[in-house]
Amino acid sequence: TLIQREFNTENVKAIICFTSSKDSIYDDLVRIAKKNKIKIILVLINWDNATSKPYIEKPDVVLTWGIQTAVLSNKIHKVYSKAIGSPRYESYKNNADFNYKVSLGKLDLNSNYKYIIFAGASFPSEEINILNKLSELIVKKHNSTYKIIYRPHPYSWKRNSIKRNDYFNKSVIIDPCLSKFADNDFDQFRHLFAVSSALISPYSTMVVESLLNGKPVLALGINYDENFNWKLAAKIAPHLQILQNNNAVIHCYSEESIEKSFDFLIGKINNKNINFQAKNIAKEIICLKNKKYSTLICDEINKTINL
């Protein structure tokens with residue numbers, strides 16, 4: 001192949017892949033590495049990569065987001081796996097206080113409202129239709145006390161055009177972080193959650209962010225069409241099992257149960273026990289060791305090379 005002709009293996013001790021096993025050149029790299037007795041280190045870039053992506057060729061080491069996925073990776077794929085965290089969550093290690101008033105001013109938000117984040121998904125979902133319904137509930141049932149901060153997924157698939165209703169226009173604002181922060185400035189999430197009370201999301205990685213901040217989550221598994229079964233995926237995906245039977249997470253699998261689920265979410269806001277349970281589960285999902293991510297990954301590279 002082209003990669004085999006152009007890849008010089010002389011004096012190479014290890015190949016580090018920041019990707020998942022579905023990458024189009026990953027298997028070729030592993031084959032070349034094994035042929036030349038070079039170590040392969042796979043650094044997973046997403047929470048679900050450890051369990052949802054099969055291996056044709058296995059690496060020597062898999063580095064995961066947290067203990068949870070390291071255990072699953074070992075169990076499912078029989079590959080040595082180690083939790084080192086993710087650069088996205090490095091800012092949580094410095095224990096900096098992201099003050100509500102400071103963050104509110106930074107995002108130009110109004111203190112007269114309580115804010116709930118709605119994070120969109122990459123796969124098609126009923127999110128606009130759901131936002132219309134939630135907005136109507138906020139106006140009719142909660143006296144417009146709340147505003148929804150809508151953060152569309154940056155790589156969302158095309159979906160059928162659904163009109164935003166009048167309630168949507170009254171209750172929903174587009175996430176101000178999108179215009180105020182660079183894409184790679186992860187402090188934006190700290191500010192976003194500092195001003196917000198909860199998260200609603202179709203099982204995106206924003207769920208992890210919400211739990212880290214001790215905020216309750218309404219996780220949506222509502223089917224959009226026959227191309228992707230959200231409900232089934234939510235119930236059987238190995239990495240999502242940790243969210244089951246946890247009081248900080250509410251699961252909603254039908255549009256008919258949105259109102260009831262939303263009421264449950266509102267009831268969990270500012271609950272100290274929910275705050276504790278959310279942060280406790282987050283510790284298993286994300287490794288937050290005191291060492292910098294760069295130090296942790298270098299340590300694992302050196303260990304692997306010297307095996």
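Considering every non-hydrogen atom in both Leu104 and Val195, the closest pair reads N-CG1, 3.4 Å. Here the shortest heavy-atom pairing between Ser204 and Gly120 reads CB-O, 4.1 Å. The shortest non-hydrogen separation linking Asn74 to Val79 is OD1-O, 2.6 Å. Considering all non-hydrogen atoms of both residues, Asn247 and Lys268 come closest at O-NZ, 3.0 Å. Annotation for Thr51 and His77: closest pair CA-NE2, 4.1 Å, computed over non-hydrogen atoms. Taking both residues in full, the closest heavy atoms of Asn213 and Asn275 are given as O-ND2, 4.1 Å, listed atom of the first, atom of the second, then distance.
Salt-bridge annotation for Arg31 and Asp28: present, with a side-chain N of the basic residue lying under 4.0 Å from a carboxylate O of the acidic one. Ion pair Glu90/Lys93 flagged as a salt bridge, since at least one NZ, NE, NH1 or NH2 atom sits closer than 4.0 Å to an Asp/Glu carboxylate oxygen. No salt bridge links Lys141 with Glu136; every basic N to acidic carboxylate O contact stays at or beyond 4.0 Å.
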Would His142 and Phe262 count as a ring pair (Phe, Tyr, Trp, His ring centres under 6.0 Å) if you check the C-alpha gap in whole Å, the side-chain angles of each, and the deciding distance to 0.1 Å? CA-CA 11 Å; His142 298 281; Phe262 187 65; 5.6 Å; yes
The test is side chain to side chain contact (heavy atoms under 4.5 Å, CB included); show your working for Ile148 and Ser171 and say whether it passes. CA-CA 6 Å; Ile148 293 177; Ser171 302; 5.5 Å; no
Derivation of the side chain to side chain contact (heavy atoms under 4.5 Å, CB included) call for Ile41 and Ile15: CA-CA 6 Å; Ile41 302 168; Ile15 298 174; over 6 Å; no
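Hydrophobic clustering, with ILVMFWY side chains joined whenever heavy atoms are under 4.5 angstrom apart, groups Val207 together with Phe186. Leu243 and Phe276 are members of different hydrophobic clusters when ILVMFWY side chains are connected at heavy-atom separations under 4.5 Å. Cluster membership check: Tyr146 does not share its hydrophobic cluster with Ile274, using side-chain heavy-atom separations under 4.5 Å among Ile, Leu, Val, Met, Phe, Trp and Tyr.
The neighbour count for Ile67 CD1, taken as heavy atoms of other residues, nucleotides or ligands under 6.0 Å away, does not exceed 12. Residue Tyr100 places its OH atom among more than 12 non-hydrogen atoms of other residues, nucleotides or ligands, all under 6.0 Å distant. Counted within 6.0 Å of CG on Asp166, heavy atoms from surrounding residues, nucleotides or ligands total 12 or fewer; the atom is thus considered open. Remark: Asn273 CG is packed, more than 12 non-hydrogen atoms of other residues, nucleotides or ligands lying under 6.0 Å away. For NZ of Lys13, the number of neighbouring non-hydrogen atoms (other residues, nucleotides, ligands) closer than 6.0 Å is 12 at most. Atom CZ of Phe264 has 12 or fewer neighbouring heavy atoms from other residues, nucleotides or ligands inside a 6.0 Å radius. For Lys34, the NZ atom counts as densely surrounded, since its 6.0 Å shell holds more than 12 non-hydrogen atoms of other residues, nucleotides or ligands. Counting heavy atoms of neighbouring residues, nucleotides and ligands inside a 6.0 Å radius, atom CG of Asn270 does not exceed 12 of them.
Note that Lys235 lies in the cation-pi zone of Tyr253, set by a 6.0 Å cut-off to the ring centre and a 45° limit from the axis. Figure legend: cation-pi geometry between Arg88 and Phe189, with NZ or CZ positioned under 6.0 Å from the six-membered ring centre and within 45° of its axis. The cationic group of Lys147 lies under 6.0 Å from the six-membered ring centre of Tyr113 and within 45° of the ring axis, placing it in a cation-pi geometry.
A distance of 9.5 Å separates CD of Gln188 from CG of Leu107, quoted to the nearest 0.5 Å. With rounding to the nearest 0.5 Å, the separation of OG in Ser196 from CD1 in Ile117 is 3.5 Å. Taken to the nearest 0.5 Å, the CD1 atom of Ile200 stands 10.5 Å off from the OG atom of Ser210. Taken from CG in Leu265 to NZ in Lys260, the straight-line distance is 14.5 Å, to the nearest 0.5 Å. Considering CG of Leu44 and CG of Leu42, their distance stands at 4.5 Å, rounded to 0.5 Å. Atom CD of Gln277 and atom CG of Asn246 lie 5.0 Å apart (nearest 0.5 Å).
Under the 3.5 Å distance criterion, with hydrogens and angles disregarded, a donor-acceptor pair is assigned to the side chains of Asn110 and Asn112. Residues Tyr55 and Asp27 bring no donor and acceptor atom of their side chains to less than 3.5 Å of each other. Checked by atom type, the side-chain pair Tyr150/Glu127 shows a donor-acceptor distance below 3.5 Å. Counting only N and O atoms by type, the side chains of Ser81 and Ser73 include a donor and acceptor under 3.5 Å apart. Under the 3.5 Å distance criterion, with hydrogens and angles disregarded, a donor-acceptor pair is assigned to the side chains of Glu255 and Asn129.
Ring geometry, Tyr203 versus His251: the interplanar angle falls under 30°, so the pair is classed parallel (tilted spans 30 to 60°).
A donor-acceptor contact shorter than 3.5 Å is absent between the side chain of Asp185 and the backbone of Phe181. No side-chain donor-acceptor contact under 3.5 Å links Thr295 to the backbone of Lys291. Gln68 places a side-chain N or O within 3.5 Å of a backbone atom of His239 that can act as its donor or acceptor partner. In terms of modelled atom types and a separation under 3.5 Å, the side chain of Asp60 and the main chain of Ile40 share a donor-acceptor contact.
Listed by chain and residue number, Trp47, Ala50, Thr64, Trp65 satisfy the side chain to side chain contact (heavy atoms under 4.5 Å, CB included) test with Thr69 (two or more places apart in sequence, or in another chain).
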